[in-house]
Asks: 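Please see the structure below; I have some questions.
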Amino acid sequence: QKSIDKFDPNAAVSVDITIVEKQAVQKVVEVNGTVISNDFVELRPETNGRVVFLQIPEGKVVSAGTVLVKLNDADLQAQLEKIKAQLELAQINEQRNKQLLNIKGINQSDYDLSLQQLKSLKADMAYTQSLIEKTIIRAPFTGQLGLRQISVGAYISTSTTVVTLQKTNDLKVDFTVPELYKNLVAVGNKVSIESIGADKNKFEATISAIEPQIIAASRNLKVRASVNGKLLPGSYTKVYLTDEDKAAASIMVPSNVIIPDSKTKQIVVVREGKAKFISIETGYRTQTAVEVTKGLQVGDSVVVAGMLFVKDGSRLKIGKALSNIDITK
């Protein structure tokens, strides 16, 4: 009868380790960004009315002041002509009364009345002209038009979007940076922008402004950079932040050796042939590695394989001692 080997819970666990060393790491942080126009506006009328003139060359660049839409202003034009006729008569009366006043033909109060009527009609004419101006939609700045949303003859209100206008040759990129990396952004710093798609063009951008307050909900800092390149407003981009200083020496470990806990992060090290779980603090991350800022010392032996069967205090049998391979990419 064959003897059955009994499981020994105290048997040494075979593991692979790596010796902690400091590596020169050029920190590059990748975040997501959104392209925006320096100037963007949805053109809407300032008054309600029927469209009688429409000149919106879709997708074309128009100059500032170009008339795009005109609403029906026949009633206002008629009112303006009436005021002009009254104003002409009021001017004649004012001049005549002024001459009579000089020769004491009328008293001062009669002249003041004619002068007040003249000023009132001038104010009425200016007001009517302002109402007529509100029936005209002009391009507020030189930019590229979008797609028109109305047709001639349509009755539109102040809430109707006629067309969009934006500057496509003066672009910005908005992105957010985790609070941990706020030291990587400063006004004037250069960042690299990469567009998505088959071409994946890269552009250089300059940080132009930083939100003075961190977003409490996400603990991120909002940043804006100016960029020159063939990008579409609203498109998604990748933004790469690089530490301007030369590569700093850091302790990097593979990200899969870190054991997340509810309160802290732990890692397994070898102490006197036994496993010891220690708490660590982390910093910069890459796709495969994490910087350890607190908890590890140069020369420590970190368990990188076989952790699944290791408990705190387990005896360890060292299999392979891996060199400090390149894990920073």
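Bear in mind the structure is a predicted one, so any value in this text is a computation, not a measurement.
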Asks: Just so I know, are the side chains of Lys202 and Lys238 near enough to count as touching, which here means a heavy-atom distance under 4.5 Å?
Replies: no

Asks: Which value, rounded to the nearest 0.5 Å, describes the distance between Thr47 atom OG1 and Ile132 atom CD1?
Replies: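 These two atoms lie 12.0 Å from each other.
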
Asks: Just so I know, are the side chains of Phe53 and Val67 near enough to count as touching, which here means a heavy-atom distance under 4.5 Å?
Replies: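 Yes, side chains in contact.
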
Asks: With a sphere of 6.0 Å drawn around CG of Asn228, does it hold more than 12 non-hydrogen atoms of other residues, nucleotides or ligands?
Replies: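 Atom CG in Asn228 is not crowded, with 12 or fewer foreign heavy atoms closer than 6.0 Å.
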
Asks: I need the Leu232 CG to Leu171 CG distance, nearest 0.5 Å.
Replies: 9.0 Å

Asks: Going hydrophobic residue to hydrophobic residue with side-chain gaps under 4.5 angstrom, can you get from Phe40 over to Leu231?
Replies: no

Asks: Any non-hydrogen side-chain atom of Val61 less than 4.5 Å from a side-chain atom of Thr142?
Replies: yes

Asks: Below 4.5 Å, heavy atoms only, C-beta onward: do Arg44 and Thr158 meet side chain to side chain?
Replies: no

Asks: Starting at OH of Tyr240, measure out to CD of Glu204 and round the result to the nearest 0.5 Å.
Replies: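 So the gap between those two atoms works out to 15.5 Å.
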
Asks: Would Lys122 and Gln91 count as a side-chain contact (heavy atoms from CB on, under 4.5 Å) if you check the C-alpha gap in whole Å, the side-chain angles of each, and the deciding distance to 0.1 Å?
Replies: CA-CA 10 Å; Lys122 286 183 177 180; Gln91 287 175 333; 4.3 Å; yes

Asks: Scan for salt bridge (Lys or Arg N to Asp or Glu O under 4.0 Å) pairs involving residues 210-222, sequence neighbours excluded, and state none if there are none.
Replies: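 Matches after skipping sequence neighbours: none remain.
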
Asks: Supply the members, apart from Leu165, of the Ile/Leu/Val/Met/Phe/Trp/Tyr cluster built from side-chain contacts under 4.5 Å; use none for a lone residue.
Replies: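 Via sub-4.5 Å side-chain contacts, Leu165 links to Val41, Leu43, Val51, Leu54, Ile56, Val62, Leu68, Val69, Leu71, Ile137, Phe141, Leu145, Ile150, Val152, Ile156, Val162, Val163.
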
Asks: Could you give all pairs that pass the salt bridge (Lys or Arg N to Asp or Glu O under 4.0 Å) test and reach residues 124-153, with sequence neighbours left out?
Replies: Glu133-Arg138

Asks: Has Ser37 got a side-chain atom pairing as donor or acceptor with Thr168's backbone, closer than 3.5 angstrom?
Replies: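 No: the side chain of Ser37 does not pair with the backbone of Thr168.
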
Asks: When hydrophobic residues are tied together by side-chain contacts of less than 4.5 Å, even through go-betweens, does Val239 share a cluster with Ile36?
Replies: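 Unlinked, Val239 and Ile36 end up in two clusters.
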
Asks: What's the shortest heavy-atom distance between Ser195 and Thr237, and which atoms?
Replies: CA-CG2, 4.4 Å

Asks: Mark yes or no for whether Glu30, through its side chain, and Val28, through its backbone, hold a donor-acceptor pair below 3.5 Å.
Replies: no

Asks: Compare every heavy atom of Leu121 with every heavy atom of Ala90, then report the nearest pair and how far apart it is.
Replies: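 For Ala90 versus Leu121, the nearest heavy atoms are CB-CD1, 3.6 Å.
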
Asks: Kindly indicate, with the supporting measurements, whether the criterion side-chain contact (heavy atoms from CB on, under 4.5 Å) is fulfilled by Tyr181 and Val31.
Replies: CA-CA 11 Å; Tyr181 305 123; Val31 296; over 6 Å; no

Asks: Evaluate the side-chain proximity of Thr242 to Ser192: yes if any heavy-atom separation is below 4.5 Å, no if none is.
Replies: no

Asks: Are Val187 and Val227 grouped together when hydrophobic residues (ILVMFWY) are joined by side-chain heavy atoms under 4.5 angstrom apart?
Replies: yes

Asks: Out of curiosity, does Tyr127 fall in the hydrophobic cluster containing Leu76 (side-chain heavy atoms, cut-off under 4.5 Å, transitive links)?
Replies: yes

Asks: Between Leu184 and Val177, is there a side-chain heavy-atom distance shorter than 4.5 Å?
Replies: no

Asks: Using side chain to side chain donor-acceptor pair (under 3.5 Å) as the criterion, point out the one residue from Gln166, Lys172, Lys167 that pairs with Asn38.
Replies: Lys172

Asks: So do the side chains of Pro178 and Asn220 get within less than 4.5 Å of each other, counting heavy atoms only?
Replies: yes

Asks: What I'd like to find out is whether the side chain of Glu179 reaches to under 4.5 Å of the side chain of Leu221, using heavy atoms alone.
Replies: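 A side-chain contact under 4.5 Å is absent here.
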
Asks: Taking Arg224's backbone N and O only, do any of them form a donor-acceptor pair with Ser208's side chain (distance below 3.5 Å, no angle check)?
Replies: yes

Asks: What's the separation between atom CD1 in Ile92 and atom CG in Leu118, rounded to the nearest 0.5 Å?
Replies: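 It comes to 11.0 Å.
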
Asks: Write down the atom of Ser109, the atom of Asn107, and the distance for their closest heavy-atom approach.
Replies: OG-OD1, 2.8 Å

Asks: Looking at Gln108, I'd like to know if its CD atom is crowded, meaning that more than 12 non-hydrogen atoms belonging to other residues, nucleotides or ligands lie closer than 6.0 Å.
Replies: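 More than 12 heavy atoms, drawn from other residues, nucleotides or ligands, come within 6.0 Å of this atom.
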
Asks: In the hydrophobic clustering (ILVMFWY, side-chain contacts below 4.5 Å, transitive), which residues join Ile215, or is it alone?
Replies: none

Asks: Tell me, which pairs form a salt bridge (Lys or Arg N to Asp or Glu O under 4.0 Å) where one or both residues lie in residues 89-117, sequence neighbours left out?
Replies: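 Not a single pair qualifies under salt bridge (Lys or Arg N to Asp or Glu O under 4.0 Å).
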
Asks: Can you run down the salt bridge (Lys or Arg N to Asp or Glu O under 4.0 Å) pairs that involve residues 47-61, sequence neighbours left out, and say none if there aren't any?
Replies: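 Checked against salt bridge (Lys or Arg N to Asp or Glu O under 4.0 Å) - neighbours excluded - no pair reaches residues 47-61.
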
Asks: Hey, what do you get for OG (Ser114) to CG (Leu101), rounding to the nearest 0.5 Å?
Replies: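 If I round to the nearest 0.5 Å, the distance is 9.0 Å.
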
Asks: Between Ser120 and Gln117, is there a donor-acceptor pair closer than 3.5 Å when you use the side chain of the first and the backbone of the second?
Replies: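 Between the backbone of Gln117 and the side chain of Ser120 there is no qualifying donor-acceptor contact (under 3.5 Å).
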
Asks: Please round to the nearest 0.5 Å and tell me the distance separating atom OH of Tyr236 and atom OG1 of Thr34.
Replies: 9.0 Å

